[in-house]
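Presented below is the structure to which this report refers.
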There are 2 protein chains.
Amino acid sequence: MGDSVKEKIVMSTLKLISEKGYKSTTTRNIAEEAGVNEVTIFRCFGSKKDIVLYALKELELLKPVNERILDKCTWDLKEDLFMLAHEYHKNFTEEKAKIMIGLRSPEIFEEVKEYLIRIPKGFKEVLIKYFEKVYEKGLLNTDDFELLAFAFISLNFGFVLMNASYGNKLIGFSDREFVKKSIEIFVKAIEKSD
Amino acid sequence: MGDSVKEKIVMSTLKLISEKGYKSTTTRNIAEEAGVNEVTIFRCFGSKKDIVLYALKELELLKPVNERILDKCTWDLKEDLFMLAHEYHKNFTEEKAKIMIGLRSPEIFEEVKEYLIRIPKGFKEVLIKYFEKVYEKGLLNTDDFELLAFAFISLNFGFVLMNASYGNKLIGFSDREFVKKSIEIFVKAIEKSD
DNA sequence: TATGTATGCAAGCAATTACTTGCATACATA
DNA sequence: TATGTATGCAAGTAATTGCTTGCATACATA
């Protein structure tokens with residue numbers, strides 16, 4: 001089975017599932033979206049569920065934010081957090097399909113949980129490392145790194161999700177605007193002032 | 001058709017849908033959970049979708065946080081926001097079924113969106129009113145009320161959702177702890193210091 | 001008592017859906 | 001040329017699912 005076919009099927013599956021949920025995504029849908037015959041799907045993967053499991057387990061598709069991002073830091077709190085938040089939003093967009101599987105597909109969630117959790121976990125660890133470093137540099141007024149990391153993630157995750165669900169019916173400003181201003185608040189709270 | 005039967009069906013439907021999503025919740029499931037015959041469901045509501053629509057439209061079931069909550073305020077920022085956050089978490093738990101419909105049931109989301117949006121919208125408006133008042137009292141260092149409201153909601157929404165999905169596999173502290181500490185950060189950022 | 005109303009129960013129907021099988025075909029490589 | 005491999009296509013199967021029908025029964029009210 002050609003790799004490009006396999007890839008088309010996987011990508012179509014992730015796309016459709018993230019939009020419609022696992023149960024509502026039929027193998028016919030997937031075949032149509034991927035431009036292949038439905039039978040090909042079963043010849044490649046065996047079953048519908050195995051497509052998802054393959055996507056999350058076997059494929060190098062799960063890319064939590066990498067630690068190397070810390071190299072980009074300038075050790076100016078506002079600037080760095082701004083960059084990290086944008087990175088999170090970018091990552092969310094890229095990984096949206098997978099994140100949405102977590103929220104929209106309770107049928108398979110338990111089975112893929114351990115793989116999905118890597119995304120927020122990775123980001124959390126990067127943030128904690130960042131906060132540790134700025135703390136060492138004496139720029140932070142608190143050493144509760146885990147809490148800071150989590151508050152930061154929650155803030156952005158919550159916003160992105162609400163935005164995805166209700167968009168401008170609920171939210172009167174753009175992504176950029178929210179990130180900028182909420183970071184300013186965040187920094188004001190945690191920056192050491194002397 | 002008896003009202004108590006109707007209510008049992010509605011509550012069971014919301015419960016199951018919030019857990020398993022719309023599509024995966026069968027009318028047989030609902031009947032079993034409600035302890036009624038499957039036929040009764042169709043005699044009462046006509047169709048599966050109509051149960052959900054009834055729950056959200058006709059029933060006085062949708063209770064966004066009420067403005068009267070502002071009467072409970074002591075106009076001490078930390079204390080009030082603490083109370084409001086707890087109210088949000090309480091509200092989330094009560095309305096979880098409905099909030100989850102938004103996330104887990106893309107099949108019917110467009111149809112119920114306008115009803116579901118009342119929950120965050122209501123809370124947002126309450127928060128904006130609150131911030132306006134504390135601003136008038138000279139306790140706030142910013143007048144970007146909408147942003148503050150939204151940051152507050154995102155923070156709590158994000159946390160509650162991650163907690164619901166990954167629980168203690170990702171999060172090293174309790175609900176209470178998170179609320180307490182994150183509010184402290186929040187207040188530190190927005191409280192006028194003179 | 002008689003009648004209507006709400007419910008249960010057994011059976012079934014038509015559509016959908018995950019998955020299978022058998023066969024034809026294109027293409028690459030030995 | 002011959003053979004194997006990847007795919008398409010047509011047909012079908014068994015299970016599930018939303019929904020219907022016909023009938024029995026309990027219960028309340030006239």
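Quick caveat, the model's predicted, so the values are computed rather than measured.
Between the CG atom of L16(B) and the P atom of dT17(D) there is a distance of 13 Å, given to the nearest Å. In this structure, I30(B) atom CD1 and dT17(D) atom P are separated by 12 Å, rounded to whole Å. Between K48(A) atom NZ and dT16(D) atom P the separation is 15 Å, expressed in whole Å.
S47(A) has no side-chain polar atom (N or O) that falls below the 4.0 Å cut-off from OP1 or OP2 of dA18(C). Applying the 4.0 Å criterion to OP1 and OP2 of dT17(D), one finds that K23(A) has a side-chain N or O inside that range. The phosphate of dT16(D) (OP1 or OP2) has no side-chain N or O of T26(B) nearer than 4.0 angstrom. Residue T40(A) has no polar side-chain atom (N or O) positioned under 4.0 Å from OP1 or OP2 of dA6(D).
Judged by distance alone, with hydrogens and angles left aside, the side-chain atoms of E146(A) form a donor-acceptor pair with the main-chain N or O of G172(B) at under 3.5 Å. Looking at S154(A), its side chain does come within 3.5 Å of a backbone N or O of F150(A) through a donor-acceptor pair. Here the side chain of S105(B) pairs a donor or acceptor atom with the backbone of Y22(B) at under 3.5 angstrom. Panel note: side chain R28(A), backbone E38(A); no donor-acceptor pair is recorded below 3.5 Å.
Side chain of R43(A), nearest nucleotide from dC23(D), dT7(D), dC19(D): dT7(D). Taking every side-chain heavy atom of F42(B) into account, dG18(D) is the closest of dG22(D), dG18(D), dC23(C).
Here T25(B) lies in heavy-atom contact (under 4.0 Å) with sugar-phosphate atoms only. No engagement by K49(B) is indicated, since no non-hydrogen atom pair under 4.0 Å with the nucleic acid exists. If you check every strand for non-hydrogen atoms under 4.0 Å, S4(B) touches nothing.
Judged by closest nucleotide on DNA chain D, T27(B) is the one of V39(B) and T27(B) placed further toward the 5' end.
A cation-pi arrangement is found for K137(A) relative to W75(A), the charged atom lying closer than 6.0 Å to the ring centre and inside a 45° cone about the ring normal. Both tests do not hold together for K180(A) against F82(A): distance to the six-membered ring centre under 6.0 Å, angle to the ring axis within 45°. A cation-pi arrangement is absent between K124(A) and F145(A), since the terminal nitrogen or guanidinium carbon is not both under 6.0 Å from the aromatic centre and inside a 45° cone about the axis.
Base pairing in DNA chain C yields stems of at least 3 consecutive Watson-Crick or G-U pairs, both distances under 3.5 Å, namely C:1-30 with D:1-30.
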